[in-house]
Amino acid sequence: MDSLKLSSGLIFIQLVLLAFVFNSANAQLKVGFYKDTCPQAEAIVKGVMDQVLKVAPSLSGPLLRLHFHDCFVRGCDASILLNSSTGQAEKDSPPNLSLRGYQVIDRVKAALEKKCPGVVSCADILAIVARDVTVATLGPSWRVETGRRDGRVSNVSEPLTNLPPFFANISQLLTQFRSKNLSKKDLVVLSGAHTIGTSHCSSFDSRLYNFTGKGDTDPTLDSEYITRLKKICKAGDQITLVEMDPGGARTFDNRYYKLVANRRALFQSDAALLDNNYTKAYVKLQSVASDGSTFFKDFGVSMRKMGRVEVLTGKAGEIRKVCSKVN
């Protein structure tokens, strides 16, 4: 009995210590972290992004997704940006092969290094850029918490187990979000980022041509939409890009939810939002909302929450001089 009490006591102490570490790390993230060390940091980022998006507006979606793909693997530590001479980094993993925009982050980092050398982390750059591209596509703004430091490890295998795949069902999605301390609401809100950007046909063509391995289509995908998509995507097409929000892929709005509600979202993971009572209700609510939509406010809240996932702060990690390699 005494040993049982001792074991329970040790477990309680461990839980308290873990909670302290988690909360203290988050406490070191704050709005205006660079106000003394690099007060122009966010203005410099915005200046570069304005120039980039003026000539390459299609990069808004990929740049937003870089932050998501970073935070879900090892936390928001810019590990997605690291290069490997042997192809063993996160960016070399199959779920990340279609990501774009690395050169933009390099350009932002170079501008910051010129003004404030060794001060602003690559992880914080990803968070600020995600906000700026959302605003640039007429989406919401939010105050970005900064103070993250950059990790030194990037493993090619980890995205496979940490990133929700495009074919995930609702149980898989909820489990993976829960593992990052993100809720059902965060799942359905952050999925709304699919209102901007494009996807390769290969990410969803099984729904068009071979859903169960018998040459069939996905019955949850609108039949008229299947016909339209088949005209764009031939079986086995690895190259063609399709707008996730047809006709509105460069404008951040709530149209994504209208697509999901009408069974016209591209991914199985999007369609899966209709398989849970809470996420389905949110989809239905936003699909009919107009000026009174809460989506913009909700998105900013969830992005801030995602930006706190397993962050490195204080003396942990480093501030990389070049985002693609450790110092």
Below 4.5 Å, heavy atoms only, C-beta onward: do [X] and [Y] meet side chain to side chain?
X: Q40; Y: K115; value: yes
X: S58; Y: T198; value: no
X: I196; Y: D245; value: no
X: L66; Y: R100; value: no
X: K30; Y: R143; value: no
X: V242; Y: L229; value: yes
X: N169; Y: L173; value: no
X: T137; Y: S60; value: yes

Taking [atom1] in [X] as the centre, count heavy atoms belonging to other residues, nucleotides or ligands within less than 6.0 Å. Is the count above 12?
X: K180; atom1: NZ; result: yes
X: E224; atom1: CD; result: no
X: N327; atom1: CG; result: yes

_For a side chain to side chain contact (heavy atoms under 4.5 Å, CB included) check, start with the C-alpha distance between D92 and S84, then their side-chain angles and the critical distance, and finish with the verdict._
CA-CA 8 Å; D92 303 306; S84 166; 4.0 Å; yes
*Identify the residue among R152, R149, K325 that makes a salt bridge (Lys or Arg N to Asp or Glu O under 4.0 Å) with E318.*
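Among the candidates, only R152 passes.
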*asked:* Is there a side-chain hydrogen bond (donor to acceptor under 3.5 Å, both in side chains) between D253 and T251? Walk through the geometry before answering.
replied: CA-CA 6 Å; D253 52 32; T251 303; 5.3 Å; no
Is [X] salt-bridged to [Y], cutoff N-O under 4.0 Å?
X: D132; Y: K46; result: no
X: R74; Y: E310; result: no
X: E243; Y: R250; result: no
X: E113; Y: K109; result: yes

_Show every ring-ring contact (aromatic ring centres under 6.0 Å, His included) that has at least one partner inside residues 38-62, sequence neighbours left out._
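Counting only pairs at least two positions apart or across chains, no ring-ring contact (aromatic ring centres under 6.0 Å, His included) contact touches residues 38-62.
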Give me the atom names and distance for the closest heavy-atom approach of [X] to [Y].
X: D77; Y: L312; answer: CB-CD1, 4.1 Å
X: L82; Y: A89; answer: O-CB, 3.3 Å
X: C76; Y: V311; answer: CB-CG1, 4.2 Å
X: W142; Y: R304; answer: CD1-CG, 3.7 Å
X: I170; Y: T279; answer: CD1-OG1, 4.1 Å
X: D237; Y: C201; answer: O-CB, 3.8 Å

*Out of F68, Y257, F267, which residue meets the ring pair (Phe, Tyr, Trp, His ring centres under 6.0 Å) rule with H194?*
F267
*asked:* Would you say Q51 and R107 are linked by a side-chain donor-acceptor pair, where the criterion is simply a distance under 3.5 Å?
replied: yes
Would a hydrophobic clustering, with Ile, Leu, Val, Met, Phe, Trp and Tyr connected at side-chain separations under 4.5 Å, put [X] with [Y]?
X: F166; Y: L266; result: yes
X: M306; Y: V301; result: no
X: Y34; Y: M49; result: yes
X: I226; Y: M244; result: yes
X: I319; Y: L81; result: no

*Apply side-chain hydrogen bond (donor to acceptor under 3.5 Å, both in side chains) to Y256 and D270, showing your working.*
CA-CA 9 Å; Y256 164 81; D270 293 321; 2.6 Å; yes
*Would you please test V119 and L112 for side chain to side chain contact (heavy atoms under 4.5 Å, CB included) and show each step?*
CA-CA 8 Å; V119 174; L112 286 165; over 6 Å; no
*Would a line drawn from the ring center of F252 to the ring center of F299 be shorter than 6.0 Å?*
yes
Can you name the side-chain hydrogen bond (donor to acceptor under 3.5 Å, both in side chains) partners of [X], sequence neighbours left out?
X: D298; value: K185, Y282, T294
X: Q176; value: none
X: K321; value: none
X: Y102; value: none

*Could you go step by step and tell me if Q172 and T175 meet the side chain to side chain contact (heavy atoms under 4.5 Å, CB included) rule?*
CA-CA 5 Å; Q172 292 171 309; T175 297; 5.8 Å; no
Given 3.5 Å as the limit, does a donor-acceptor pair link the side chain of [X] with the main chain of [Y], or not?
X: D124; Y: T146; answer: no
X: N262; Y: K258; answer: yes
X: D150; Y: S121; answer: no
X: T195; Y: G192; answer: no

_Which residue is it: L182, N181, L29? I am looking for the one with a side-chain contact (heavy atoms from CB on, under 4.5 Å) to R308._
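Exactly one pass, corresponding to L29.
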*So which of L97, N83, L99 actually passes side-chain contact (heavy atoms from CB on, under 4.5 Å) with K91?*
N83
*Evaluate the criterion ring pair (Phe, Tyr, Trp, His ring centres under 6.0 Å) for residue pair F72 and F177; output intermediate values, then yes/no.*
CA-CA 9 Å; F72 263 67; F177 269 68; 5.0 Å; yes
*side chain to side chain contact (heavy atoms under 4.5 Å, CB included) between L187 and S191: does it pass, once the steps are laid out?*
CA-CA 6 Å; L187 164 61; S191 295; 3.9 Å; yes
*Given S202 and D205, is the side-chain hydrogen bond (donor to acceptor under 3.5 Å, both in side chains) satisfied, shown in steps?*
CA-CA 5 Å; S202 55; D205 68 348; over 6 Å; no
*How far does NZ of K297 sit from CZ of F295, to the nearest 0.5 angstrom?*
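So the NZ of K297 and the CZ of F295 are separated by 14.5 Å.
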*Considering residues at least two apart in sequence or located in another chain, which fulfil the side chain to side chain contact (heavy atoms under 4.5 Å, CB included) criterion with D216?*
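Checked D216 against side chain to side chain contact (heavy atoms under 4.5 Å, CB included); matches are F211, T212, K214.
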